[in-house]
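Below you'll find the structure, written out as structure tokens, and then a few comments.
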Amino acid sequence: MTTKTFAPAPGAAPFGRMVRAQARMETRLLLRNGEQLLLAVVIPVLALVGGVVAARQLDLEFDHRAVDVLTPGVLALAVMSTAFTSLAIATGFERRYGLLKRLGASPLPRSGLLAGKIGALLVVEVLQAVVIAAVGFGLGWRPDGGVAGIALAVVGALLGTAAFASLGLALAGVLRAEATLAAANLVYLLLMMGGAVLLPRSSYGGAGAALQVLPSAALGDSLRAALIDGQLALVPLLVLGAWAVAGSVLAARFFRWE
Amino acid sequence: MRYGAKTAVDDLSLTVPRGSITAVLGPNGAGKTTTLETCEGYRRPQAGTVRVLGLDPVRERRELLPRIGVMLQSGGAWSGVRADEMLRHIAALHADPVPVELLVDRLGLDECGRTPYRRLSGGQQQRLALAMAVVGRPELLFVDEPTAGMDPGARRTTWELLNELRDDGATIVLTTHYMDEAERLADLVHVIDRGRLIASGSPFELTRSKGVSTIRLVVTEPFPPTAPESLRAALGGDTEVTPINPQSLLITGPADATTLAKVSAWCEEHGVLPETLSLGQRTLEDVFLQLTGRGLEEEQ
């Protein structure tokens with residue numbers, strides 16, 4: 001008796017298995033990409049070390065020790081780089097190479113694709129946090145918020161991820177892949193410099209109050225409040241929530257799969 | 001199916017029998033891909049009904065997708081992914097996939113090694129796309145121009161694989177503008193042109209016509225423009241003369257000694273030297289040419 005190699009036996013894998021496969025694949029591809037690694041790890045670590053050294057050399061004044069102020073800001077920057085810039089660029093090229101179209105004909109539903117993407121973002125963010133925290137501790141970082149502070153920081157990071165990821169998807173869903181690449185990097189650079197993510201808004205003088213509506217400042221503020229003295233920063237969390245809603249509406253309305 | 005003012009597929013009725021290979025044959029721009037993508041649920045028809053495995057491809061897409069395999073005409077992978085990785089990923093989305101190693105081996109994908117998708121050759125990308133369409137053991141497979149850009153060896157491998165799938169019980173719908181592909185593979189051919197069905201049947205039925213054969217006349221110098229008309233007049237009766245290119249003509253009619261003698265006499269009279277004078281069955285290319293007045297390889 002001959003067995004039929006290609007005898008039809010169609011069917012989707014269980015939902016959980018599909019999502020895990022998708023998340024694993026996206027994580028692997030994110031980590032393989034040199035430019036993405038630069039964005040995810042090298043720039044934040046350089047910002048942290050450079051910031052702490054500069055604060056020492058130049059005798060910069062913060063309300064707290066420089067490393068305690070800068071580490072939460074760098075963690076916020078890392079969330080922004082992965083959830084916004086990396087996600088937007090990767091998704092833009094997924095659309096360009098017809099990957100989204102092809103997965104659209106696979107058993108993986110769109111909800112599964114989104115879940116896989118979120119899973120990959122969270123894995124990469126955890127890896128970033130581990131590296132940045134290790135460098136921070138090496139530089140003498142002492143987070144003061146205790147367990148409550150860490151829990152609040154996680155809430156801030158999750159809301160920040162939702163806000164930036166929805167904005168990144170909206171961007172990637174509208175622009176061509178190359179334009180997405182340029183825009184996502186430019187926005188990242190502008191927010192890193194002028195978006196009160198690395199440094200507290202008080203460092204921006206009179207502009208500080210206006211900056212609080214930016215998602216970058218809101219993410220930075222919430223992580224600093226949580227990790228410097230374990231405080232719930234309600235306004236920044238609300239700002240992040242509002243951006244997450246706005247970004248999701250934009251992405252749902254304008255995202256094109258082909 | 002319309003795009004703006006242009007109607008890509010209009011009034012197209014075709015059915016596909018289970019367990020067969022059906023080819024949708026037509027020139028570039030005939031509406032083949034549009035037809036396929038409507039069946040795959042990518043496009044919603046403005047009018048008419050589409051049922052695939054008894055399901056509405058748009059409304060019941062989630063139910064349909066696990067049962068079909070799709071080979072897109074191009075793309076369909078991450079730019080930085082390796083061929084075997086991509087195939088393994090698609091396999092992981094299915095309940096009972098074909099072993100990945102088997103497909104890698106059958107389609108020669110091991111030669112892709114660690115090369116990222118964006119640097120694979122067109123033929124390698126095609127073979128990967130085919131493997132991705134097959135790996136989920138679909139009961140119905142849609143393949144869009146499966147061998148476009150493939151070298152002859154890869155084309156043969158692809159044909160063998162598709163034949164084996166059919167023999168193992170899958171139903172296959174493929175689009176092609178290669179008549180030899182349709183002739184070699186298909187149990188049923190739908191010829192479409194400008195979004196309309198112009199002929200259907202097995203390759204045998206389409207190329208056979210009662211008592212009628214073809215004579216192909218190829219000459220050394222280009223024909224004068226009046227040649228088809230004057231040859232038809234010389235042959236008389238039900239004979240048809242279709243120009244194929246400046247140096248060859250297709251004569252359809254009774255292929256007997258009388259016709260041959262008349263063709264030779266016409267050549268002598270007009271001072272043309274035949275390079276080839278051959279008798280034979282019509283090919284699908286001839287059928288298409290006679291139905292539309294255009295060749296399959298010509299753009300619309």
Side-chain angles (χ1 to χ4, degrees), chain A residues 2-37 89-113 116-117 120 177-178 181 256-258, chain B residues 19 37 40-42 53 61-82 85-86 88-99 102-103 106 116-118 129 132-142 161-162 164-171:
Chain A
T2 54
T3 47
K4 292 180 172 177
T5 319
F6 299 110
F15 186 77
R17 202 170 90 198
M18 290 196 283
V19 171
R20 275 198 304 281
Q22 187 67 24
R24 202 165 35 231
M25 196 68 201
E26 297 218 5
T27 307
R28 195 156 12 146
L29 291 167
L30 268 177
L31 295 178
R32 184 179 300 166
N33 188 326
E35 293 146 46
Q36 309 269 33
L37 271 185
I89 294 170
T91 308
F93 281 95
E94 284 174 355
R95 192 156 60 94
R96 149 76 93 76
Y97 278 87
L99 185 270
L100 294 180
K101 182 176 180 181
R102 181 60 187 77
L103 287 183
S106 79
L108 179 72
R110 284 179 183 181
S111 58
L113 176 66
K117 282 189 173 301
E178 288 77 9
L181 177 79
R256 286 169 312 168
W257 295 81
E258 285 182 35
Chain B
E37 293 193 344
E40 293 157 358
Y42 282 118
L53 301 171
R61 193 145 193 252
R62 289 260 57 88
E63 219 178 309
L64 176 65
L65 287 179
R67 298 173 63 186
I68 66 172
V70 170
M71 177 183 179
L72 299 177
Q73 216 175 85
S74 64
W78 280 282
S79 66
V81 79
R82 296 194 287 262
E85 238 175 8
M86 187 67 215
R88 228 169 278 285
H89 180 60
I90 297 293
L93 303 178
H94 289 273
D96 182 18
V98 176
L102 185 138
L103 281 172
R106 281 289 296 269
Y117 179 78
R118 63 176 174 278
M132 284 159 58
V134 168
V135 74
R137 294 187 191 277
E139 54 185 297
L140 172 61
L141 187 64
F142 290 106
L161 183 70
L162 291 176
E164 195 177 332
L165 277 154
R166 189 256 325 262
D167 293 344
D168 286 354
T171 305

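Letters A, B, ... mirror the listed sequences (proteins, then strands); counts begin at 1.
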Side chain from CB out, backbone as N, CA, C, O: work out which of these in A:Arg20 comes under 4.5 Å of a heavy atom of chain B, or both, or neither.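 Looking at A:Arg20, nothing touches chain B.
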
What part of A:Leu103 gets within 4.5 angstrom of chain B, counting heavy atoms only: side chain, backbone, both, or neither?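 Contact with chain B is through the side chain of A:Leu103 alone.
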
Report which part of B:Leu72 has an atom under 4.5 Å of a heavy atom belonging to chain A: side chain, backbone, both, or neither.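 The side chain, not the backbone.
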
Are side-chain heavy atoms of B:Met86 and A:Leu99 found at a separation under 4.5 Å?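 Sidechains of A:Leu99 and B:Met86: in contact.
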
Ignoring hydrogens, what is the shortest heavy-atom contact between [X] and [Y]? Give both atom names and the distance.
{"X": "B:Asp96", "Y": "A:Ala9", "answer": "OD2-CB, 3.5 Å"}
{"X": "A:Thr5", "Y": "B:Asp168", "answer": "N-OD2, 3.3 Å"}
{"X": "B:Arg61", "Y": "A:Gly104", "answer": "NH2-O, 3.2 Å"}
{"X": "B:Pro66", "Y": "A:Ala12", "answer": "CB-N, 3.7 Å"}

Please identify, among A:Gly98, A:Ala105, A:Gly112, the residue contributing the most non-hydrogen atom pairs under 4.5 Å to chain B.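 Of the candidates given, the most pairs with chain B belong to A:Ala105.
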
Which of the residues A:Ser106, A:Ala21, A:Pro109 is involved in the greatest number of heavy-atom pairs with chain B at under 4.5 angstrom?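 The option with the most such pairs is A:Pro109.
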
Top of B:Ser79, B:Gly69, B:Gly41, B:Ala133 for chain A proximity - count of heavy-atom pairs under 4.5 angstrom: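 Looking at each of B:Ser79, B:Gly69, B:Gly41, B:Ala133 in turn, B:Ser79 comes out on top.
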
Only pairs of heavy atoms separated by less than 4.5 Å count here; which of B:Glu85, B:Arg118, B:Glu164, B:Arg88 has the most with chain A?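 Answer, by heavy-atom pair count under 4.5 Å with chain A: B:Glu85.
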
Passes salt bridge (charged side-chain N to carboxylate O under 4.0 Å, His left out), A:Lys101 versus B:Glu37? Steps please. CA-CA 11 Å; A:Lys101 182 176 180 181; B:Glu37 293 193 344; 2.5 Å; yes

